[in-house]
There are 2 protein chains.
Amino acid sequence: MKSRTFISSLIFGLVLAILLIGIKSLEYTYFSYKIGLDVYIGIIALAFLIIGVYFGATYSRRKEAKFLIKLREESKRSGFTEPTIDFDAVNGSDLSKRELEVLREIAMGYTNKEIGEKLFVSENTVKTHLNNIYMKLEVNRRTQAISRARELNIIT
Amino acid sequence: MKSRTFISSLIFGLVLAILLIGIKSLEYTYFSYKIGLDVYIGIIALAFLIIGVYFGATYSRRKEAKFLIKLREESKRSGFTEPTIDFDAVNGSDLSKRELEVLREIAMGYTNKEIGEKLFVSENTVKTHLNNIYMKLEVNRRTQAISRARELNIIT
DNA sequence: CTAAAAATCATACTTTCGGGTGATGCATAC
DNA sequence: GTATGCATCACCCGAAAGTATGATTTTTAG
């Protein structure tokens, strides 16, 4: 951070110097009269304002992008934001143990076939469980089941 | 836009004038000697650089968040405690406005056809949006997209 | 003004889901 | 001992979802 400040100062001074030299040379080359101090300062101010706007914009944009990338990496690293079953909230919902397991799997985005393989049952069995889940939660799609289970705090 | 330029010029001149007056009065009040022109200009330049950075940052941020602010207001007005888009997490992300809307709808458990009717587009369009979402979130099913979006805190 | 990104729609094809129905074995509760 | 709930599996069919490709229009950014 210290070297960064140093570099910034350096660039700042450099730009300022170049501007001054530039204006001076323009003054001597193209104008017979001297440029007033107010115009002088105005040009400097305007130039730095523009530079500031540019860097402010790019920096802020980069900052946001970094934030997002970081977020993404974090959630990748943590790996499993596995939906967990809230067994307290489950009390009273008629869902059986196996149904809860299937529910968690669909919330993780697995297909019926994949769930079957994970739970060592056939795809048909998974479907049966699913249909029972749908009845009990009064829905008719897996996405609705997930949504409903979250509403009921069964899944968190 | 014309009046905006005018106002900008006005503010620019005003700030410049205030700075000049401020420095001058400081010079007369606290210093017996005259401040060198280089220091003078340096202060001006620095001041405008800072102002520029500030406005550049806020302007760019506002620009990026434009449609998101609108969406946020809409979802606040609608009042539902349904899955909401976290507009801070999503800021500057790959997902477009329409894609976010579709994402929210699938998280609520609607079918493609229903989403099309709600958003006044064809089912095919919804499918296209969905495929783009899948690519951007690196998934290949709607349930995975929901899960992933929750991981990324896009949906809460 | 122009290039890029976003939004729109379509067609055709495959895979996955959902709904209905039925069946078997196994606990356990009454 | 049988009714009930649970877990398991099968088959069928239509609906929904996903894949691939291409095209047009609108919007936005540089």
Side-chain angles (χ1 to χ4, degrees), chain A residues 50 53-54 57-58 60-61 65 90-148, chain B residues 1 56 59-71 90 92-148:
Chain A
I50 291 167
V53 168
Y54 174 72
T58 47
S60 109
R61 210 171 296 140
V90 152
N91 288 339
S93 81
D94 297 332
L95 295 170
S96 74
K97 183 193 168 191
R98 214 54 170 161
E99 285 161 2
L100 286 173
E101 286 171 346
V102 171
L103 186 59
R104 188 180 51 201
E105 297 297 321
I106 64 166
M108 288 198 266
Y110 293 108
T111 67
N112 293 346
K113 183 183 264 183
E114 287 168 342
I115 295 169
E117 285 162 7
K118 284 188 78 176
L119 301 183
F120 304 106
V121 296
S122 82
E123 191 188 336
N124 289 315
T125 306
V126 175
K127 283 172 122 184
T128 305
H129 287 315
L130 273 176
N131 283 320
N132 292 331
I133 291 170
Y134 298 156
M135 279 194 296
K136 290 176 179 178
L137 295 182
E138 295 170 36
V139 298
N140 38 37
R141 277 185 288 286
R142 56 175 56 212
T143 46
Q144 284 181 335
I146 296 166
S147 170
R148 184 108 193 83
Chain B
M1 210 57 187
Y59 171 70
S60 104
R61 208 172 298 138
R62 198 166 298 158
K63 200 168 100 187
E64 280 182 54
K66 214 168 33 184
F67 77 83
L68 293 174
I69 290 168
K70 208 171 164 188
L71 267 185
V90 109
S93 83
D94 297 336
L95 294 170
S96 73
K97 178 191 172 187
R98 216 50 170 165
E99 285 160 4
L100 286 172
E101 287 172 345
V102 171
L103 186 60
R104 188 179 49 200
E105 297 297 321
I106 64 167
M108 287 197 267
Y110 292 107
T111 67
N112 293 345
K113 183 183 264 185
E114 286 169 342
I115 295 169
E117 284 162 6
K118 284 187 78 177
L119 300 184
F120 304 106
V121 295
S122 81
E123 192 189 337
N124 289 314
T125 305
V126 175
K127 282 179 159 191
T128 304
H129 287 315
L130 275 176
N131 283 319
N132 292 331
I133 291 170
Y134 299 156
M135 279 195 294
K136 289 178 180 178
L137 295 182
E138 295 170 33
V139 298
N140 38 40
R141 277 185 288 285
R142 57 176 53 213
T143 45
Q144 285 182 333
I146 296 166
S147 169
R148 187 109 195 81

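Both backbone and side-chain heavy atoms feed into the values below; hydrogens, waters and symmetry mates do not. In what follows, chains carry the letters A, B, and so on, assigned in the order in which the sequence lines appear, proteins first and then strands, with residues in each chain numbered from 1.
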message = Please enumerate all residues that pass salt bridge (Lys or Arg N to Asp or Glu O under 4.0 Å) together with K113(A), with sequence neighbours excluded.
response = none
query = Expressed in angstrom and rounded to an integer, what is the separation of E105(B) atom CD from dA16(D) atom P?
reply = 17 Å
Residues in contact with DNA chain D, drawn from residues 121-135 of chain B - heavy-atom cutoff 4.0 Å = K127(B), N131(B), Y134(B)
request  = Over all heavy atoms of both residues, which pair between A107(A) and S147(B) is shortest? Give the atoms and the distance, please.
outcome  = O-CB, 3.6 Å
request  = Would you name the heavy atoms of I133(A) and A145(A) that are closest together and state the gap between them?
outcome  = CG2-CB, 4.5 Å
query = What residues form a salt bridge (Lys or Arg N to Asp or Glu O under 4.0 Å) with E117(A), not counting sequence neighbours?
reply = none
task = Round to a whole Å and report the spacing from CG of L95(A) to P of dA7(D).
result = 10 Å
query = Taking C-beta and beyond as the side chain, do R141(A) and Y134(A) meet within less than 4.5 Å on heavy atoms?
reply = no
ask   = Is there a side-chain contact between V102(B) and L119(B), using heavy atoms and a 4.5 Å cut-off?
value = yes
task = Indicate whether OP1 or OP2 belonging to dC6(D) is found under 4.0 Å from a side-chain N or O atom of K136(A).
result = yes
Bend angle of the helix from dC1(C)-dG30(D) to dC30(C)-dG1(D), end axes from five pairs each (to 10°) = 60°
Salt bridge (Lys or Arg N to Asp or Glu O under 4.0 Å) contacts in which one or both residues fall within residues 120-137 of chain A, not counting sequence neighbours = E99(A)-K136(A)
query = Roughly how many Å is it from CD in E101(A) to P in dA7(D), rounded to a whole number?
reply = 8 Å
request  = At the 4.0 Å heavy-atom cut-off to chain A, mark where contacts on DNA chain C begin and end, going 5' to 3'.
outcome  = dC17(C) to dG19(C)
ask   = Under 4.0 Å: is that the gap between some side-chain N or O of R141(B) and OP1 or OP2 of dA17(D)?
value = no
ask   = Which residues satisfy the side chain to side chain donor-acceptor pair (under 3.5 Å) test with K118(B), sequence neighbours excluded?
value = E105(B)
task = Could you list the residues that satisfy side chain to side chain donor-acceptor pair (under 3.5 Å) with N132(B), not counting sequence neighbours?
result = none
message = Minimum heavy-atom separation for I146(A) and T143(B), please, with both atom names.
response = CD1-CG2, 3.8 Å
key: Neighbours of DNA chain C within residues 112-120 of chain A, by heavy-atom distance under 4.0 Å   = N112(A)
remark   = Hits for side chain to side chain donor-acceptor pair (under 3.5 Å) against E101(A), two or more places apart or cross-chain, chain-then-number order -> R98(A)
query = Which residues satisfy the side chain to side chain donor-acceptor pair (under 3.5 Å) test with T128(B), sequence neighbours excluded?
reply = none
message = Give me the atom names and distance for the closest heavy-atom approach of N140(A) to Q144(A).
response = OD1-OE1, 2.9 Å
